[in-house]
Amino acid sequence: MTGQEIPFLPENSHTDGLAATFAARLVDWQRRCGRHDLPWQGDDPYRVWLSEVMLQQTQVRTVLPYFARFVTRFPSVEALAVAPLDEVLALWSGLGYYARARHLHAAARLWVARWPGTCPQGAQEWAQLPGVGRSTAAAIAAFVQRERVPILDGNVQRVLCRLFAVEEDPRAAATARRLWDAAHALLPRDPDDMPAYTQGMMDLGALVCTRTRPRCDLCPVAELCAAHRLGIAAQLPRKRARAPVPEQDLRWGWYEEDGAVWLVRRAPQGIWGGLWCLPPADEAPPGRWRAAGEIARLTHRLTHFTLNITVTRYLPETLRAAEPAAAWGEEARCLTPHEALALGVPQPLRRLLAQAVDVPIEHAKGNMRRLGVAKGKFEVSERIDDHDEDVARLFRGKEKP
DNA sequence: GAGACGTGGAT
DNA sequence: TATCCAAGTCT
């Protein structure tokens with residue numbers, strides 16, 4: 001009975017017994033109380049892989065509608081592999097971390113080329129797909145192939161930090177390595193328990209061992225939990241100090257022509273890589289355009305900084321004067337806002353376009369402000385949510401000479 | 001190894 | 001409102 005040493009515990013402690021008890025209780029709890037009706041649960045490797053990628057740094061509730069649309073359009077990895085990247089990005093639009101969509105597309109092509117008619121076998125092979133790291137590979141392999149490999153996402157880090165009363169920052173490399181080892185040592189012996197165990201770790205972190213106000217009264221492993229015993233479960237893991245988020249100004253040009261607007265594809269690397277976006281607003285706009293005033297200011301908060309986006313409207317100086325400028329690159333398209341909404345666009349632009357066509361969008365929590373014209377001067381007015389009609393009219397307004 | 005990468009939920 | 005951070009990976 002080759003018990004593995006569990007980090008964070010004193011040597012010669014009964015680690016075998018702890019691991020067996022922990023796994024047994026978690027598996028039993030998951031089968032009784034855990035989630036069983038998520039649309040990706042089952043043994044379809046494609047759906048499991050897709051869901052795990054979508055769920056990276058993204059909550060279940062957010063993923064659900066995206067997953068439904070995605071599997072309707074791409075029911076299989078083969079369908080995804082032959083699709084144009086643009087369509088994948090369009091379905092991903094609004095979900096964030098767009099490198100995931102680009103990796104997903106590349107991974108689908110690699111999958112069907114290298115494992116035709118089947119799928120990667122085991123975590124080692126899953127991790128060869130772009131966008132699939134150690135934790136995601138382990139989750140897929142545990143669910144689909146019942147492989148005894150641990151996951152270590154944010155939920156599991158929190159669970160383990162409490163279980164062993166870890167005071168260190170779990171993101172520190174040395175601590176993370178020990179957490180991986182601990183996660184491995186806690187796995188159930190029976191491979192058939194791996195799906196329920198893995199789902200149980202996720203369910204426990206998401207439903208019971210929550211960041212704030214953990215429900216230790218509902219926890220199947222509370223008796224094993226050092227933090228609970230010490231009464232410090234809610235205080236772990238310790239949070240690190242965060243630097244204040246810097247701000248950055250962005251200036252977009254709304255180059256409008258016959259009710260359509262020019263969009264350009266962003267470079268594949270960097271923020272919103274591969275997505276379609278408004279061209280930068282220039283002091284000397286490319287082509288023969290004249291500035292026609294600021295039409296919106298958007299505040300877009302990201303994890304590491306805040307974007308202040310100013311949108312300036314441009315109109316052709318003369319009839320049919322507009323043409324894509326070389327500065328915009330090869331890929332530039334002039335589309336109606338409605339057409340543009342069918343592309344992969346960043347969320348702040350999605351909001352702007354939705355307002356332009358007066359189409360309500362999901363989760364339209366407004367952090368967008370419009371500029372009202374008052375005495376020849378622009379002023380920030382109320383949240384745009386309260387002014388759908390005004391703003392829609394603003395964008396719809398044809399320039400009638 | 002530290003920073004970049006999106007967006008929305010939760011408090 | 002401000003802040004943290006979520007089924008992380010890549011460079």
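So you know, we letter chains A, B, ... as the sequences are listed, proteins then strands, and number each from 1. As the structure is a computational prediction, the values presented were derived from the model and not from experiment.
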Subject >> Interatomic distance, Arg301(A) CZ vs dC5(C) P [rounded to whole Å] >> reply: 18 Å
Subject >> Distance test, side-chain N/O of His300(A) to OP1/OP2 of dT7(B), below 4.0 Å >> reply: yes
Original post:
When the distance from CZ of Arg134(A) to P of dC10(C) is rounded to whole Å, what number comes out?
Top reply: 14 Å
**OP:** Mind checking Leu152(A) for me? I need base, sugar-phosphate or nothing, with any heavy atom below 4.0 Å counting as a touch.
**Re:** nothing
Original post:
Counting any heavy atom closer than 4.0 Å, what does Trp40(A) reach on the DNA or RNA strands: base, sugar-phosphate only, or nothing?
Top reply: base
Original post:
Does the Gln145(A) side chain pair with the main chain of Phe143(A), one donor and one acceptor, at a distance under 3.5 Å?
Top reply: no
Original post:
Could you give the CG-to-P distance, from Leu298(A) to dG8(B), as a whole number of Å?
Top reply: 13 Å
Original post:
Would you say a side-chain N or O of Gln347(A) is under 4.0 Å from OP1 or OP2 of dG8(B)?
Top reply: yes
Original post:
Would you call Arg73(A)-Glu87(A) a salt bridge at under 4.0 Å N-O?
Top reply: yes
Original post:
Nearest-Å distance, CD (Gln235(A)) to C1' (dC4(C))?
Top reply: 16 Å
Original post:
Between Arg47(A) and Pro39(A), is there a donor-acceptor pair closer than 3.5 Å when you use the side chain of the first and the backbone of the second?
Top reply: yes
**OP:** Check whether NZ of the Lys or CZ of the Arg Arg333(A) lies under 6.0 Å from the centre of the six-membered ring of Trp276(A) and within 45 degrees of that ring's axis.
**Re:** yes
Subject >> Arg158(A) side chain near dA6(C) phosphate (N/O to OP1/OP2, under 4.0 Å) >> reply: yes
Original post:
So what does Arg211(A) hit on the nucleic acid, given a heavy-atom distance under 4.0 Å: a base, only sugar-phosphate, or nothing?
Top reply: base
Original post:
For Arg351(A) and dG8(B), is the shortest distance between a side-chain N/O and OP1 or OP2 below 4.0 Å?
Top reply: yes
**OP:** Could you tell me whether Val60(A) contacts a base, only the sugar-phosphate backbone, or nothing, with contacts defined as non-hydrogen atoms closer than 4.0 Å?
**Re:** base
Subject >> Sugar-phosphate only, base, or nothing, as touched by Ala139(A) at under 4.0 Å among non-hydrogen atoms >> reply: nothing
**OP:** Considering only NZ, NE, NH1 and NH2 on the basic side and carboxylate oxygens on the acidic side, decide whether Glu168(A) and Arg238(A) come within less than 4.0 Å.
**Re:** no
Subject >> Separation of the P atoms in dG6(B) and dT3(C), to the nearest angstrom >> reply: 23 Å
Subject >> Ion pair check, Asp192(A) and Arg146(A), cut-off under 4.0 Å >> reply: yes
Original post:
Gln56(A) has a side chain; which of dA10(B), dG8(C), dG6(B) sits nearest to it?
Top reply: dG8(C)
Original post:
Do Thr198(A) and Met202(A) have side-chain heavy atoms sitting under 4.5 Å apart?
Top reply: yes
Original post:
If you measure from the P atom in dA7(C) to the same atom in dC5(B), how many Å do you get, rounded?
Top reply: 23 Å
Subject >> Thr212(A) vs Leu275(A), nearer the 5' end of DNA chain B by closest nucleotide >> reply: Leu275(A)
**OP:** Confirm from the modelled atom types if Thr62(A) and dG9(B) form a donor-acceptor pair under 3.5 Å, side chain to base only.
**Re:** no
Original post:
Checking only heavy atoms, does the side chain of Arg35(A) share a donor-acceptor pair with the base of dA7(C) at less than 3.5 Å?
Top reply: yes
Original post:
Contact class for Leu104(A) (heavy atom, under 4.0 Å): base, sugar-phosphate, or nothing?
Top reply: nothing
Subject >> Rounded distance (Å) that lies between atom C1' of dC10(C) and atom CG of Leu129(A) >> reply: 15 Å
**OP:** Classify the nucleic acid contact of Ile271(A) as base, sugar-phosphate or nothing, counting any heavy atom under 4.0 Å across all strands shown.
**Re:** sugar-phosphate
Original post:
Nearest-Å distance, CZ (Phe305(A)) to P (dA2(C))?
Top reply: 18 Å
Subject >> Stepwise side chain to side chain contact (heavy atoms under 4.5 Å, CB included) test for Glu331(A) and Val264(A) >> reply: CA-CA 6 Å; Glu331(A) 296 196 83; Val264(A) 298; over 6 Å; no
**OP:** Indicate whether OP1 or OP2 belonging to dA6(C) is found under 4.0 Å from a side-chain N or O atom of Gln57(A).
**Re:** no
**OP:** On DNA chain C, check which nucleotide each of Gln41(A) and Gly131(A) is closest to and give me the residue with the more 5' one.
**Re:** Gln41(A)
Original post:
Contact class for Gly270(A) (heavy atom, under 4.0 Å): base, sugar-phosphate, or nothing?
Top reply: sugar-phosphate
**OP:** Examine the base of dT9(C) for any acceptor or donor lying under 3.5 Å from a partner atom in the side chain of Thr136(A), and report the outcome as yes or no.
**Re:** no
Subject >> Value in whole Å for how far the P atom of dC5(C) lies from CZ of Arg61(A) >> reply: 20 Å
Original post:
CZ of Arg100(A) versus C1' of dT11(C): gap in Å, rounded?
Top reply: 18 Å
Subject >> Selection from dT11(B), dT7(B), dA7(C) that lies nearest to any side-chain heavy atom of Pro346(A) >> reply: dT7(B)
Original post:
Under 4.0 Å between a side-chain N or O of Trp272(A) and OP1 or OP2 of dT7(B)?
Top reply: yes
**OP:** For the side chain of Gln59(A), starting at C-beta, report the closest nucleotide among dG9(B), dC5(C), dA7(C).
**Re:** dG9(B)
Original post:
Should Tyr98(A) be listed as having a side-chain N or O under 4.0 Å from OP1 or OP2 of dT7(B)?
Top reply: yes
**OP:** Identify which nucleotide among dT11(B), dA7(C), dG6(B) has an atom closest to any side-chain atom of Thr303(A), counting heavy atoms from C-beta outward.
**Re:** dG6(B)
